[in-house]
Novice: 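Dropping a structure here in structure tokens format, bear with me for questions.
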Amino acid sequence: MLTIFYVFASLSVLGALGVLFLRSPIHCALSLVGTFFCLGAIYVMLNAEFVAVIQVLVYAGAIMVLFLFVLMLLSSKDNEKYVNKWSIGKLLAGLLSLWIFVQIASLFTADELQLGPKGAYPIEIVEEVGSVALIGRLLFTDYILSFEIIAILLLIAVIGAVVIAKRRFQ
Amino acid sequence: MIPIEHILLLSALLFTIGVLGVMLRRNVIIMFMSIELMLNAVNLSFATFARGMDSMTGVVFIFFIIVVAAAEAVVGLSIILSIFRTSKTLDIDEFNLLKW
């Protein structure tokens with residue numbers, strides 16, 4: 001189990017580094033799809049099967065296809081003017097992100113991680129009922145208001161996208 | 001059972017790579033992909049804490065975050081599309097329409 005996790009973890013980091021370093025935007029998008037697949041596998045190991053399926057369907061499927069569509073639509077001739085020299089800005093960016101990483105990592109590596117009181121869904125219940133049924137039950141009872149609001153948000157986003165992207169005829 | 005700290009470390013690493021991508025790359029769409037990567041890193045830590053604390057709330061939150069990410073991608077890409085029509089480039093340094 002642990003070995004499989006390390007395999008998928010290193011593969012996902014590799015895909016993320018691909019987004020950072022590959023030249024062609026198409027290659028970046030494909031490497032990001034690989035990262036999303038590996039994260040989906042890690043969700044399965046965390047007993048969140050619903051999230052894993054959504055990750056592959058919505059992220060690796062829908063959102064990345066949208067990215068690829070836009071990339072093919074906007075075939076910019078002059079690819080990124082890739083300045084391959086070390087500038088002071090890049091150095092600062094590296095130092096800043098290193099600082100961010102150290103700050104995040106120090107939260108859970110300094111001493112024993114203190115988790116709060118346990119919730120009502122231990123692993124036995126999740127395996128017996130299934131995570132999909134539990135999430136569905138929560139979505140339509142405790143979180144029904146957020147669910148309705150997020151539906152409206154999605155509708156507004158789609159209408160807004162159509163309005164922004166349509167051609168204006170004079 | 002995977003130790004929680006290892007998954008959180010992976011999440012922190014992915015988030016940092018996303019931050020670096022936003023700061024180093026100059027192509028708008030690749031910067032956008034880096035933002036998606038950061039959102040995914042946060043999702044991963046939500047799922048980890050949900051498992052570690054025997055709670056389902058984190059998983060429901062991931063559902064909402066994915067919906068918001070989809071909405072954000074749709075609106076952002078259409079903005080990029082309409083900017084590309086006028087400036088014919090994807091370089092973020094050329095997008096200085098609002099700069100005084």
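These numbers were taken from a predicted model, which means no experiment stands behind them. Letters go in sequence order (proteins before strands), and every chain restarts at 1.
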Novice: With a 4.5 angstrom heavy-atom cut-off, is it the side chain or the backbone of Ile150(A) that approaches chain B, or both, or neither?
Specialist: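 Contact with chain B: backbone and side chain both.
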Novice: Quick one: closest heavy-atom pair of Leu46(A) and Ala47(B), and the distance?
Specialist: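 Nearest pair, atom of Leu46(A) first, then Ala47(B): CD1-CB, 4.0 Å.
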Novice: Where on Ile42(A) is there a heavy atom nearer than 4.5 Å to chain B: the side chain, the backbone, both, or neither?
Specialist: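 The side chain, not the backbone.
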Novice: Sort Leu66(A) into side chain, backbone, both or neither according to what part of it lies under 4.5 angstrom from a heavy atom of chain B.
Specialist: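 Interface part for Leu66(A): both.
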Novice: Do you know the tightest heavy-atom contact between Pro25(A) and Met33(B)?
Specialist: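 Between these two residues, the closest heavy atoms are O-CE, 3.7 Å.
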Novice: Examine the side chains of Asn40(B) and Gln55(A) and answer whether a donor and an acceptor come within less than 3.5 Å of each other.
Specialist: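 Short answer, yes.
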Novice: Which atoms form the tightest heavy-atom contact between Arg25(B) and Cys28(A), and what is the distance?
Specialist: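 Between these two residues, the closest heavy atoms are NH1-SG, 4.1 Å.
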Novice: Please classify the contact between Val13(A) and chain B as side chain, backbone, both or neither, with a heavy-atom cut-off of under 4.5 Å.
Specialist: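 Both parts, backbone and side chain.
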Novice: Looking only at heavy atoms, what is the nearest atom pair of Tyr43(A) and Leu44(B), with distance?
Specialist: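 Residues Tyr43(A) and Leu44(B), closest heavy atoms: OH-N, 3.3 Å.
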Novice: Please look at Ile164(A) and chain B and tell me whether the side chain, the backbone, both or neither of the residue comes under 4.5 angstrom of a heavy atom of that chain.
Specialist: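 For Ile164(A), heavy atoms of backbone and side chain both lie under 4.5 Å from chain B.
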Novice: Measure Val19(B) against the heavy atoms of chain A and call it side chain, backbone, both or neither at under 4.5 Å.
Specialist: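 Contact with chain A is through the side chain of Val19(B) alone.
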Novice: How many angstroms lie between CZ in Phe8(A) and CG in Leu10(B), if you round to the nearest 0.5 Å?
Specialist: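 Going from the CZ atom of Phe8(A) to the CG atom of Leu10(B) covers 12.5 Å.
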Novice: Within the 4.5 Å heavy-atom criterion, are Tyr143(A) and Thr57(B) side-chain neighbours or not?
Specialist: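 Sidechains of Thr57(B) and Tyr143(A): in contact.
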Novice: Using modelled atom types and a 3.5 Å cut-off, is there a donor and acceptor pairing between side-chain atoms of Lys90(A) and backbone atoms of Met23(B)?
Specialist: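 Flag not set: sc Lys90(A) to bb Met23(B) has no pair under 3.5 Å.
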Novice: Counting only heavy atoms closer than 4.5 Å, note whether Phe5(A) contacts chain B via side chain, backbone, both or neither.
Specialist: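 The side chain, not the backbone.
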Novice: For the residue pair Phe64(B) and Leu139(A), establish whether any side-chain heavy-atom pair is separated by less than 4.5 Å.
Specialist: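 In short, these two side chains touch, coming nearer than 4.5 Å.
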Novice: Tell me if the NZ atom of Lys118(A) is crowded by more than 12 foreign heavy atoms within 6.0 Å.
Specialist: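 Buried by this count: over 12 neighbours within 6.0 Å.
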Novice: What's the separation between atom OG1 in Thr35(A) and atom CD in Glu36(B), rounded to the nearest 0.5 Å?
Specialist: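 If I round to the nearest 0.5 Å, the distance is 12.5 Å.
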Novice: What do the steps show when you test Ser131(A) against Met56(B) for side chain to side chain contact (heavy atoms under 4.5 Å, CB included), and what is the final call?
Specialist: CA-CA 9 Å; Ser131(A) 73; Met56(B) 225 51 201; 3.9 Å; yes
Novice: Are Ile4(A) and Ile2(B) co-members of a hydrophobic cluster defined by side-chain heavy atoms under 4.5 Å apart?
Specialist: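 In one cluster: yes.
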Novice: Are Ile17(B) and Val42(B) in one and the same hydrophobic cluster, where Ile, Leu, Val, Met, Phe, Trp and Tyr link if side-chain heavy atoms are under 4.5 Å apart?
Specialist: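 Same cluster: Ile17(B) reaches Val42(B) through Ile, Leu, Val, Met, Phe, Trp or Tyr contacts under 4.5 Å.
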Novice: Just to verify, which of Leu9(B), Ile7(B), Ile4(B) counts as forming a side chain to side chain contact (heavy atoms under 4.5 Å, CB included) with Phe108(A)?
Specialist: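 It is Leu9(B), the one option of Leu9(B), Ile7(B), Ile4(B) that forms the side chain to side chain contact (heavy atoms under 4.5 Å, CB included) with Phe108(A).
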Novice: Tell me, for Phe63(B) versus chain A, whether the close heavy atoms (under 4.5 Å) come from the side chain, the backbone, both or neither.
Specialist: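 Phe63(B) touches chain A through side-chain heavy atoms alone.
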Novice: Do Val56(A) and Val7(A) share a hydrophobic cluster, counting only Ile, Leu, Val, Met, Phe, Trp and Tyr and linking them when any side-chain heavy atoms are less than 4.5 Å apart?
Specialist: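 The answer is no; the residues belong to distinct hydrophobic clusters.
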Novice: In terms of heavy-atom proximity below 4.5 Å to chain A, should Ala69(B) be classed as side chain, backbone, both, or neither?
Specialist: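 Both backbone and side chain.
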Novice: Are Leu11(A) and Leu30(A) grouped together when hydrophobic residues (ILVMFWY) are joined by side-chain heavy atoms under 4.5 angstrom apart?
Specialist: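 No, because Leu11(A) and Leu30(A) fall into different hydrophobic clusters, even though each may have its own neighbours under 4.5 Å.
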Novice: Identify the heavy atoms of Val19(A) and Ser34(B) that sit nearest to each other, and give their distance.
Specialist: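 Answer, listing the atom of Val19(A) first, then Ser34(B): CG1-OG, 4.2 Å.
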Novice: How many angstroms lie between CD1 in Ile80(B) and CG in Leu74(A), if you round to the nearest 0.5 Å?
Specialist: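 It comes to 8.0 Å.
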Novice: CG/Leu71(A) to CG/Leu90(B) distance, rounded to the nearest 0.5 angstrom?
Specialist: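 So the CG of Leu71(A) and the CG of Leu90(B) are separated by 7.5 Å.
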Novice: Check whether Ala62(A) gets within reach of chain B through its side chain, its backbone, both or neither, counting any heavy atom under 4.5 Å.
Specialist: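 Contact with chain B: none, neither part.
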Novice: Which region of Leu14(B), side chain (C-beta onward) or backbone (N, CA, C, O), has a non-hydrogen atom less than 4.5 Å from a non-hydrogen atom of chain A, or is it both or neither?
Specialist: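 The side chain, not the backbone.
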Novice: Please indicate whether Ile88(A) has more than 12 foreign heavy atoms, meaning atoms of other residues, nucleotides or ligands, lying under 6.0 Å from its CD1.
Specialist: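 Atom CD1 in Ile88(A) is not packed in, count stays at 12 or less.
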Novice: Side chain of Arg85(B), backbone of Ala165(A): donor and acceptor closer than 3.5 Å?
Specialist: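 It does hold such a pair.
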Novice: Measure the CZ-CG distance between Phe67(A) and Leu77(B) for me, rounded to the nearest 0.5 Å.
Specialist: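 Phe67(A) atom CZ to Leu77(B) atom CG measures 5.0 Å (nearest 0.5 Å).
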Novice: Would you mind checking which part of Ile62(B) comes under 4.5 Å of any heavy atom in chain A, side chain (CB onward), backbone (N, CA, C, O), both or neither?
Specialist: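 For Ile62(B), the side chain is the part near chain A, not the backbone.
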Novice: Is chain A contacted by the side chain of Phe32(B), its backbone, both, or neither, given a heavy-atom distance below 4.5 Å?
Specialist: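 Both backbone and side chain.
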Novice: Does Asn47(A) offer a backbone N or O that forms a donor-acceptor pair with the side chain of Arg51(B) under 3.5 Å?
Specialist: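 No, Arg51(B) side chain to Asn47(A) backbone: no donor-acceptor pair under 3.5 Å.
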Novice: Is it the backbone or the side chain of Ile123(A) that comes under 4.5 Å from a heavy atom of chain B, or both, or neither?
Specialist: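 Both parts, backbone and side chain.
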Novice: Using a cut-off of under 4.5 Å on heavy-atom pairs, state which of Ala71(B), Gly21(B), Ser55(B) scores highest against chain A.
Specialist: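 The candidate making the most pairs under 4.5 Å is Ala71(B).
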Novice: Measure the CG-CZ distance between Leu73(A) and Phe84(B) for me, rounded to the nearest 0.5 Å.
Specialist: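 CZ of Phe84(B) is found 8.5 Å from CG of Leu73(A).
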Novice: Let me know if Phe147(A) has heavy atoms under 4.5 Å from chain B in its side chain, its backbone, both or neither.
Specialist: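 Both backbone and side chain of Phe147(A) come within 4.5 Å of chain B.
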Novice: Of the listed residues (Gly89(A), Ala151(A), Ala29(A)), which shares the most heavy-atom pairs with chain B below a 4.5 Å separation?
Specialist: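 The residue among Gly89(A), Ala151(A), Ala29(A) with the greatest pair count is Ala29(A).
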Novice: Are any non-hydrogen side-chain atoms of Tyr59(A) and Asn43(B) less than 4.5 angstrom apart?
Specialist: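 Yes, side chains in contact.
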Novice: Indicate, with yes or no, if Phe69(A) and Ile26(A) share a hydrophobic cluster defined by side-chain heavy-atom contacts under 4.5 Å among Ile, Leu, Val, Met, Phe, Trp and Tyr.
Specialist: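 No, no single cluster joins them.
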Novice: With only heavy atoms counted, which part of Ser11(B) is less than 4.5 Å from chain A, the side chain, the backbone, both or neither?
Specialist: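 For Ser11(B), there is no contact with chain A at all, as no heavy atom is under 4.5 Å.
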Novice: With a 4.5 angstrom heavy-atom cut-off, which part of Ser146(A) approaches chain B: side chain, backbone, both or neither?
Specialist: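 Looking at Ser146(A), backbone and side chain both touch chain B.
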Novice: Tell me the closest heavy-atom pair linking Ala16(A) and Leu37(B), and the distance in Å.
Specialist: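 Taking every non-hydrogen atom into account, CB-CD2, 3.6 Å.
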Novice: With a cut-off of 6.0 Å (strictly less than), are more than 12 heavy atoms of other residues, nucleotides or ligands near CD of Gln103(A)?
Specialist: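 Yes.
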Novice: Select one option (side chain, backbone, both, neither) describing which atoms of Val162(A) are under 4.5 Å from chain B's heavy atoms.
Specialist: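 Val162(A) has no heavy atom closer than 4.5 Å to chain B.
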